[in-house]
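Written below as structure tokens is the structure these notes are about.
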Amino acid sequence: MSTDTSNCIFCRIIHNQAPAKIVYQDPLVTAFNDIHPVAPVHILIVPKKHISSINEIQPEDEQLIGHLFTVAKVIAAQLKIADSGYRCIINTGPDSGQAVFHLHLHLIGGQRVRFPMG
Ligand code: AMP
Ligand code: ZN
């Protein structure tokens, strides 16, 4: 998998080189609204480090990957969907339909979500 980040849309958003509605940032993570939401809440939680997919996660990334879920919890509470519930999805590779090869956690909620998504 390519590690060239110059054409990565999520790297460009992280570095303010492409537009996005950013809802959360910290030193490790940027989160922004999905451009094609499948539910009232559809946020992508993205590590600032370019990791193409779960297949490219390294042992030293474990804390970062865990942090994605802590951020999901924080955003869900901020948006008041912690109790109504939400779905977290990470797509990996062709059979999942992964379209952007910069690892990201979909946070989807605000309505009862159907299987597999939306
Ligand atoms: P995935 O199939 O997991 O790779 O999902 C990629 C997601 O990124 C899709 O839900 C797209 O709607 C979303 N997406 C693609 N480009 C952008 C963008 N420029 N800003 C926000 N979301 C985007
Ligand atoms: Zn990237």
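We count residues from 1, following the sequence as given. First listed ligand is number 1; within each ligand, the first listed atom is number 1. All values reported here derive from a predicted model rather than from experimental measurement. Excluded from the calculations below are hydrogen atoms, water molecules and symmetry mates; all remaining heavy atoms, backbone and side chain alike, are included.
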Heavy-atom closest contact (Lys48 atom, Val29 atom, distance): CE-O, 3.7 Å
From CG (Leu105) to CG (Leu44), nearest 0.5 Å: 8.5 Å
May I ask you to list the atoms of ligand 1 that are less than 4.0 angstrom from any heavy atom of [X]?
| X | result |
| --- | --- |
| His106 | 1 (P), 3 (O), 5 (O), 7 (C), 10 (O) |
| Asn33 | 21 (C) |
| Ala99 | 1 (P), 2 (O), 4 (O) |

Output, in order, the C-alpha distance, side-chain angles, deciding distance and verdict of side chain to side chain contact (heavy atoms under 4.5 Å, CB included) for Phe32 and Val46. CA-CA 8 Å; Phe32 48 87; Val46 184; 3.6 Å; yes
Once salt bridge (charged side-chain N to carboxylate O under 4.0 Å, His left out) is applied, what residue pairs with a partner in residues 7-36 remain, sequence neighbours excluded? none
Atom CD of Gln17: over 12 foreign heavy atoms under 6.0 Å: yes
Are more than 12 heavy atoms from other residues, nucleotides or ligands located less than 6.0 Å from atom CD of Glu62? no
Say whether Gly97 and ligand 1 are in contact under the criterion: heavy-atom distance to a ligand atom below 4.0 Å. yes
Measuring from non-hydrogen atoms of Phe10 to any atom of ligand 1, is the shortest distance under 4.0 Å? yes
Taking the Zn ion (ligand 2) as the centre, count the protein N/O/S atoms lying under 2.8 Å from it. 4
Of the listed options His36, Gln98, His104, closest to atom 3 (O) of ligand 1 (non-hydrogen atoms): His104
Among Ile35, Leu44, Ile13, closest by any non-hydrogen atom to atom 21 (C) of ligand 1: Ile35
The answer for which part of Ile89 has a heavy atom under 4.0 Å from ligand 1 is neither
Quick look: Phe32 vs ligand 1, heavy-atom contacts under 4.0 Å, and the answer is side chain
Go through Leu103 and Leu68 one step at a time and tell me if the side chain to side chain contact (heavy atoms under 4.5 Å, CB included) criterion holds. CA-CA 10 Å; Leu103 191 150; Leu68 300 179; 3.7 Å; yes
With only distance considered, is Ile9 within less than 3.5 Å of ligand 1 through an N or O on each side? no
N/O to N/O below 3.5 Å, does that happen between Asn91 and ligand 1? yes
Side chain of Gln98, backbone of Val100: donor and acceptor closer than 3.5 Å? yes
Under a 4.5 Å side-chain heavy-atom rule over Ile, Leu, Val, Met, Phe, Trp and Tyr, are Ile43 and Ile35 clustered together? no
Report the relative orientation of the aromatic rings in His106 and His42; use parallel for angles under 30°, tilted for 30 to 60°, perpendicular for over 60°. tilted
May I ask you to test the Ile51-Leu64 pair for a side-chain heavy-atom distance under 4.5 Å? yes
